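Remember, it's 1-based here, ligands and their atoms both numbered in the order they're listed. Values in this document were obtained by computation on a predicted structure and should not be read as measured data. Computed from heavy atoms alone, side chains included, the values below leave out hydrogens, waters and symmetry copies.
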Amino acid sequence: MQFFIDTADVSAIKQANEMGLVDGVTTNPSLIKKAGQDHEETIREIASFIDGPISVETLSEDAEGMLKEADEYINWGKNIVIKVVMTPEGMKVVKELSSRGIQTNVTVTFSAAQALIAAKAGATYVSPFVGRLDDIGHYGMELIEQMRAIFDNYGFSTKILVASVRNPIHLLDSALIGADVATVPPATLMQLFNHPLTDKGIAAFLNDAKQWKKGAKVG
Ligand code: E4P
């Protein structure tokens with residue numbers, strides 16, 4: 001499973017990239033607002049050191065406006081993916097961009113029926129929001145299971161990009177189900193490292209090394 005990082009914070013992306021954990025980046029208008037920098041400058045900076053796909057979200061509500069934005073975004077880096085909302089206008093854009101060989105990511109997706117529509121329109125990625133489903137008392141990962149079954153039944157090449165990931169269990173379940181990608185906020189990515197036995201084991205080794213070094217000096 002590929003790991004994308006779900007942020008527009010350039011230093012957080014650099015940090016995760018140094019550990020070899022960034023196969024791609026996803027952004028959205030809220031993440032751009034949170035990063036507090038100019039949209040184009042931010043994406044261009046990310047694209048200067050990330051080779052993988054970078055999702056950039058369109059803001060227009062009509063297909064014509066979205067296509068204009070897409071034409072602009074694709075010049076911001078070598079591997080820009082056009083992020084489009086799950087609407088009838090959005091699917092017109094996916095169909096058009098897909099025919100031009102431009103990658104797309106269908107976002108704010110909450111049902112298997114919506115995922116099927118995105119796949120039929122020719123989306124490169126579809127992003128189901130598991131955390132937001134959990135928030136309203138639905139079982140988000142059930143959607144990933146349904147999508148995997150449907151895409152496999154018909155051999156769709158559209159990739160399942162698990163989004164709105166809130167904890168390590170979301171990531172682990174995504175890998176067990178066979179999702180293609182999970183996009184993870186930096187803090188959740190760091191949580192994946194945590195295990196009390198790892199901390200305990202490292203502390204014991206360091207302690208033994210201190211004793212051993214002391215002994216070696218004396219001897
Ligand atoms: C990614 O493509 C989505 O925009 C993002 O994962 C949404 O996450 P949130 O529900 O935590 O805002």
(message) Is it the case that the side chain of Thr27 and the backbone of Ser55 share a donor-acceptor pair, with hydrogens and angles ignored and the cut-off at 3.5 Å?
(response) yes
(request) Report yes or no: does Thr124 contribute a side-chain atom to a donor-acceptor pair with the main-chain N or O of Asn105 at less than 3.5 Å? (result) no
(message) Test your reading of the model: is there a side-chain donor-acceptor pair from Arg148 to the backbone of Ile177, 3.5 Å cut-off?
(response) no
(request) Answer yes or no for Arg166: is there a heavy-atom contact with ligand 1 below 4.0 Å? (result) yes
(request) Could you check if a side-chain atom of Leu133 sits within less than 4.5 angstrom of a side-chain atom of Glu142, using non-hydrogen atoms only? (result) no
(request) Kindly confirm or rule out an N or O of Thr183 lying under 3.5 angstrom from an N or O of ligand 1. (result) no
(request) Consider every N or O of Lys83 and every N or O of ligand 1, then say whether any pair is closer than 3.5 Å. (result) yes
(request) Look at atom 8 (O) of ligand 1 and find which of Ala163, Ser30, Ser164 reaches it with the closest heavy atom. (result) Ser164
(message) Measuring only between side-chain heavy atoms, which start at C-beta, is Asp134 closer than 4.5 Å to His170?
(response) yes
(message) Please state which option from Val184, Thr27, Asn28, Val162 has its nearest heavy atom closest to atom 4 (O) of ligand 1.
(response) Asn28
(request) Considering only non-hydrogen protein atoms, determine which one is nearest to atom 3 (C) of ligand 1 and report residue, atom name and distance to 0.1 Å. (result) Phe129 CZ, 3.5 Å
(request) Please report which non-hydrogen protein atom sits nearest to atom 6 (O) of ligand 1, along with the residue it belongs to and the distance in Å to one decimal place. (result) Asp6 OD2, 2.6 Å
(message) A side-chain contact here means heavy atoms from C-beta on lying under 4.5 Å apart; do Ile74 and Ile82 qualify?
(response) yes
(message) At less than 4.0 angstrom from any non-hydrogen atom of Arg132, what atoms of ligand 1 do you find?
(response) 7 (C), 9 (P), 10 (O), 12 (O)
